[in-house]
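One structure is given here, and the rest of the page talks about it.
Within every chain, numbering begins at 1; the chains are lettered A, B, ... in the order of the sequence lines, protein sequences first and strands thereafter.
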Protein chains: 2
Amino acid sequence: MKPKMTLKKIASELGLSISTVSKALKDNKDISKENREKVQAFAKFYNYRPNSVALSLKNKRTKTIGVIIPEIVHHYFAKVISGIEEVANSKEYNVIIGVTNESYNKEIINMEMLIDGSIDGFIISLSKETLQKADYTHLQETINQSIPIVMFDRAVDEIPSDKIIIDDREAGRMAIQKLIDEGRKKILLLTTKDYLNIGRLRTEGYKDALAANRIPFDEDLVVRIGELGDSDEDQRILEERINKVFELHPDIDGIFGVNEIYAVTALNVARLRGLDVPEALSVIGFSDGILSKYARPHLTTVSQHGFQMGEIAAQTLINRLEQMDNGLETPYTTQVVKTDLIIRDSTLNQVVQKK
Amino acid sequence: MKPKMTLKKIASELGLSISTVSKALKDNKDISKENREKVQAFAKFYNYRPNSVALSLKNKRTKTIGVIIPEIVHHYFAKVISGIEEVANSKEYNVIIGVTNESYNKEIINMEMLIDGSIDGFIISLSKETLQKADYTHLQETINQSIPIVMFDRAVDEIPSDKIIIDDREAGRMAIQKLIDEGRKKILLLTTKDYLNIGRLRTEGYKDALAANRIPFDEDLVVRIGELGDSDEDQRILEERINKVFELHPDIDGIFGVNEIYAVTALNVARLRGLDVPEALSVIGFSDGILSKYARPHLTTVSQHGFQMGEIAAQTLINRLEQMDNGLETPYTTQVVKTDLIIRDSTLNQVVQKK
DNA sequence: GTGAAAGCGCTAACAC
DNA sequence: GTGTTAGCGCTTTCAC
């Protein structure tokens, strides 16, 4: 069992001083070539690696990013982390993950646990509960302590920080426009409660598209779904709910679900009712998750580009961190990641001529 | 912008020494009640939190776990991380994630990045490439440096460490037995190349079940699928491959896929060929992932209990870490997590009477 | 009851 | 060219 190598040990082993060894390892020309080589060979042999904790203490930077997300068992967030990891790794940053399970308290606890010097900055997507309470003091205080935050996806205007978002409203509009272009007239919207920005904005987009095409808005066709777990029971409830809408409105000819689960579930419910997709009914979902891809027929979706958002978020945070090191303070930016429609088999290929 | 509070600042602010403040914060009875209260109030007001990097340096333990996984955008691994997070959090440990993308080199780089004192121990599931090369020196060296490793899922016998695995062979046997109990005779096995333990062992289980029921083994019915990405193209190749088997053996009446993708794909291919599931053909998959749940018909699967495996892995590592702190060295354990069959709609409910 | 000092591993300014 | 010193923030032993 090799003991951990330290400068001190190398120094005493080689009969040199600690600082000589330190400099020699940095190939500092101060040190005689002879000693430099000797030290470097020795260090290499014993696989010396400078202790990162000591470095962090000295440099007052940990080269570690804290990522706070609502949920890790979720294709989108996993993709984002992937993107963050990729960029962080290439810049020699580590990534610490904190999961809030959509809880305000856990969000605070998680952040406090890391705010003690463990990390240089945060990348965060707020929990649902936080959005509901609309209490962002913990974020503001973090920023006050000069710990930069990059918010992604679930960001809020109240907090001045860098943000990476998608244009949910435009994405929603685009999806609905696609359905309208196919000739769909009665489009069901499956969305979240309004306190979730993403649901609210996508709903706005839905209205935008209807308005632009002079289709009257019908509140009946908007289903705002509350919290659902991933139990089989909750899933059944969702199916029930959608089924009821179909009973009232059997002539629905388009569906837009603001997430994958809603869309796939609706797709399945519709097919069980004997509706042909996409002949009788087109379905569009949101997110480039795995469900959409394996659903039958393969689901047309608005892609969210999670990986890319992660990359951008990490890059943005690291840039800011490095600027802070140089005493710079640049204005906060909000970067909007473009979404696009991945056309698969749950929508029609040909576009109906508009009248 | 509040500057970060330190003992030093509190001390000078209150006209006390650093060590007095340190003790006062610990409510050490040495210190006068008066001063204790003064210091505590002050610290509370300024939201003092001891710097964790300094503590790590002093204590030589970071209270951080390094988790090395092949892939994060993967339901099973995400679940495992979830379980790890849960336990780690409750024990005040942080979790650093490193993703290898199934690459041997990235595995080494990731581990080296953390082995510099950033973490107290590892939880790891080996990359495919590592298993293929069967080169585990980086693991052995890590252990030699007294950094404990807990391996999960993709563990290897060559490395002495704690291990959390499932009994893949038994799980495979159980699944096949279920199919046989339904009266299935010609069972297709979709598995991985043999260098992946999980594929190999599940294949053994397949053979076990056949043997136990005196059904001859037919190499033709075992399809060993190589690396497949998640591109639409790779997916098409897989479908093609399965389709061909059906052409040669149209009378296949059972399918066991050693992962979700294989099983769901086979399910879809079979249905496209007009086969009725589960009437004409039963399908069983592996993993409690999301695809199985949303597939039509809902897929019967062997559950992997990823969350539970994460919990156990974290608990095991933390136990060992704490024992090491106390100078204890306990023998390594291998914990086998029981799998069970989640019966859904892709298999028959009633069991055919055995002749 | 309080504080000085050493030390965790490292770097860098400054002596020699 | 090499070594001493101070300091990052904290804990703990030991003087006073």
Side-chain angles (χ1 to χ4, degrees), chain A residues 2-40 42-43 46-64 114-120 145-146 325, chain B residues 3-40 42-43 46-64 114-120 145-147 325:
Chain A
K2 286 186 213 170
K4 189 135 292 162
M5 258 302 145
T6 66
L7 287 190
K8 199 177 176 177
K9 277 187 205 145
I10 301 184
S12 85
E13 209 70 32
L14 259 41
L16 293 169
S17 79
I18 293 179
S19 61
T20 302
V21 173
S22 172
K23 284 179 194 152
L25 284 172
K26 297 204 153 41
D27 215 32
N28 187 321
K29 302 299 177 203
D30 271 6
I31 309 301
S32 68
K33 185 155 193 195
E34 198 183 9
N35 271 340
R36 267 184 283 154
E37 282 170 356
K38 189 162 69 179
V39 170
Q40 287 170 14
F42 189 93
Y46 282 102
N47 221 313
Y48 168 78
R49 314 229 58 217
N51 180 305
S52 76
V53 174
L55 283 180
S56 296
L57 185 58
K58 184 114 226 336
N59 303 333
K60 293 163 149 286
R61 50 204 316 286
T62 58
K63 293 215 104 190
T64 301
L114 298 178
I115 228 167
D116 60 2
S118 302
I119 51 98
D120 295 338
Q145 298 189 29
S146 358
D325 269 358
Chain B
K4 189 134 294 163
M5 258 301 147
T6 65
L7 286 190
K8 198 176 176 179
K9 278 187 202 145
I10 300 183
S12 85
E13 209 71 30
L14 258 41
L16 293 169
S17 78
I18 292 178
S19 57
T20 303
V21 173
S22 172
K23 285 176 193 155
L25 284 172
K26 298 206 149 40
D27 214 33
N28 186 321
K29 303 298 179 203
D30 272 6
I31 309 301
S32 69
K33 185 157 193 187
E34 197 182 12
N35 271 340
R36 267 184 283 154
E37 281 169 358
K38 191 161 69 176
V39 169
Q40 288 169 15
F42 189 91
Y46 282 102
N47 220 313
Y48 168 77
R49 317 230 55 219
N51 180 302
S52 74
V53 174
L55 283 180
S56 296
L57 186 58
K58 185 118 222 354
N59 302 333
K60 293 167 149 283
R61 49 203 320 286
T62 58
K63 293 213 105 191
T64 301
L114 298 178
I115 227 169
D116 59 3
S118 301
I119 51 99
D120 294 338
Q145 299 188 27
S146 0
I147 298 175
D325 269 358

### Task
Would you state whether a donor and an acceptor, one from the side chain of A:K60 and one from the base of D:dG9, lie under 3.5 Å apart?
no
### Donor-acceptor pair (no angle test) under 3.5 Å: A:S19 side chain, D:dT2 base
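By the distance-only test, no, there is no pair.
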Using whole Å, report how far [atom1] of [X] lies from [atom2] of [N].
X     : N      : atom1 : atom2 : value
A:K58 : D:dC8  : NZ    : C1'   : 6 Å
A:I10 : C:dC10 : CD1   : P     : 8 Å
A:E34 : D:dG1  : CD    : P     : 11 Å
A:N51 : C:dC8  : CG    : P     : 12 Å
B:E37 : C:dG1  : CD    : P     : 14 Å
A:I18 : D:dA6  : CD1   : P     : 14 Å
B:M5  : D:dC10 : CE    : C1'   : 16 Å
B:Y48 : D:dT11 : OH    : P     : 6 Å

### Query
So, is B:S22 close to the D:dC10 phosphate, meaning a side-chain N or O under 4.0 Å from OP1 or OP2?
no
[options]: which one has an atom nearest the side-chain heavy atoms of [X]?
X     : options                : answer
A:K23 : C:dT11, D:dT11, C:dC14 : C:dC14
A:L16 : D:dG3, C:dA4, C:dT11   : D:dG3
A:S32 : C:dT11, C:dC10, D:dT2  : D:dT2

Under 4.0 Å between any heavy atoms, over every strand shown, what does [X] touch: base, sugar-phosphate, or nothing? Just pick one.
X     : answer
A:L57 : base
A:T6  : sugar-phosphate
B:K8  : sugar-phosphate

### Task
Check whether any side-chain heavy atom of A:R36 sits under 4.5 Å from a side-chain heavy atom of A:K29, and report yes or no.
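In short, these two side chains touch, coming nearer than 4.5 Å.
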### Message
I need the A:N35 CG to A:L16 CG distance, nearest 0.5 Å.
### Response
5.0 Å
### Summary
Comparing B:D30 with B:N59, nearest DNA chain C nucleotide closer to 5' gives the residue B:D30
### Task
With side-chain contact (heavy atoms from CB on, under 4.5 Å) as the test, would you mind laying out the steps for A:K23 and A:V39 before giving the verdict?
CA-CA 10 Å; A:K23 284 179 194 152; A:V39 170; over 6 Å; no
### Message
Both B:L7 and A:T20 contact DNA chain D. Taking the nearest nucleotide for each, which residue is further toward the 5' end?
### Response
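It is A:T20 whose nearest nucleotide is closer to the 5' end.
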### Query
Given A:Y48 and A:L25, is the side-chain contact (heavy atoms from CB on, under 4.5 Å) satisfied, shown in steps?
CA-CA 10 Å; A:Y48 168 78; A:L25 284 172; 3.6 Å; yes
### Query
Of the options B:L114, B:I119, B:D120, which is the one that meets B:I147 in a side-chain contact (heavy atoms from CB on, under 4.5 Å)?
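Single pass found, and it is B:I119.
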